[in-house]
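Report on the structure given below.
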Amino acid sequence: MANYFNRPSIFEIATAFEDGQEGEIKQKPKTNVVVNTNRIGYGKNSTISEFTAMAYDETGNKVDSVKGYFLEPETDYNRAKVKNSDTSIAQGNYNIISRRDLEKRINTERRKKGETDIQLTYKWYVDSVPGRTGIAIHTGNYGKDTEGCFLPGENYSYDKAAETYNVWNSKKKTKELFDFFDNYGYNGIKINVTPK
């Protein structure tokens, strides 16, 4: 008699086809990601941080990591929790969620109020930032490219005359970070923002 208790669920079958070979189901790893970012430089219209994204398996063992830099707008902790302020967010611990999950939640809330659905632009968002919405992770090189968002870069420079930071190779580092989230963020992604 067949053992039905050890068979994969329909959901597991549906989500595992791209990874498995014919007749074999490869389950996605039960991993999570923690991004630790430390602000190391404060300019006139930009802030630079170094980050390390670490993937952990279900037993807490580190399985992979990615390093780089984030560019944010200038840091003004007096305005960090003010709606639509073009400043970096307050230090703290946040969740990073996908556009699809954030869109679903926001649209559910808006429909309850009789409002129409919205479409978000970017793939990943920093969620539940006090006083702020739409804090995304996306490409860009200069302080003017970020309105509170995190811009990944492979390296950075400081313009002494303008007193501002820039990041470089943003498209490459953003793709690397997003691939990392896609590969390891099944059980959640967190970001810890700390000051210098």
For the pair Thr75 and Thr47, evaluate side chain to side chain donor-acceptor pair (under 3.5 Å) and give the outcome as yes or no after the intermediate values.
CA-CA 6 Å; Thr75 297; Thr47 302; 2.7 Å; yes
Flag yes if more than 12 heavy atoms outside Glu74 fall under 6.0 Å of its CD atom; otherwise flag no.
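Buried by this count: over 12 neighbours within 6.0 Å.
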Charged N to carboxylate O below 4.0 Å: is that the case for Glu176 and Lys173?
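Salt bridge flag = yes for Lys173 with Glu176.
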Could you go through the side chain to side chain donor-acceptor pair (under 3.5 Å) check for Thr164 and Asn45 one step at a time?
CA-CA 6 Å; Thr164 189; Asn45 69 353; 2.5 Å; yes
Please identify which of these residues, Asp57, Asp64, Asn32, Thr31, meets the side-chain hydrogen bond (donor to acceptor under 3.5 Å, both in side chains) condition with Tyr184.
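Considering Asp57, Asp64, Asn32, Thr31, a side-chain hydrogen bond (donor to acceptor under 3.5 Å, both in side chains) with Tyr184 is found only for Asp64.
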Can [X] and [Y] be counted as having a side-chain donor-acceptor contact under 3.5 angstrom?
X	Y	result
Tyr94	Asp127	no
Asn95	Lys190	yes
Thr52	Ser65	no

Minimum heavy-atom distance between Cys149 and Gly134, given as atom pair plus value
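Nearest pair, atom of Cys149 first, then Gly134: SG-O, 3.8 Å.
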Check for a donor-acceptor pair, side chain of Asp159 on one end and backbone N or O of Glu163 on the other, with a separation under 3.5 Å.
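Answer holds: no.
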Taking the six-membered ring for Trp, are Phe181 and Phe178 parallel (under 30°), tilted (30 to 60°) or perpendicular (over 60°)?
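The rings of Phe181 and Phe178 lie parallel, inter-plane angle below 30°.
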On the 0 to 90° scale, with breaks at 30° and 60°, tag the Phe150-Phe70 ring pair as parallel, tilted or perpendicular.
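The arrangement is perpendicular - the two ring planes meet at more than 60°.
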Please assess Trp168 against Tyr142 for the test ring-ring contact (aromatic ring centres under 6.0 Å, His included), listing each intermediate value before the final yes or no.
CA-CA 9 Å; Trp168 307 112; Tyr142 308 102; 5.7 Å; yes
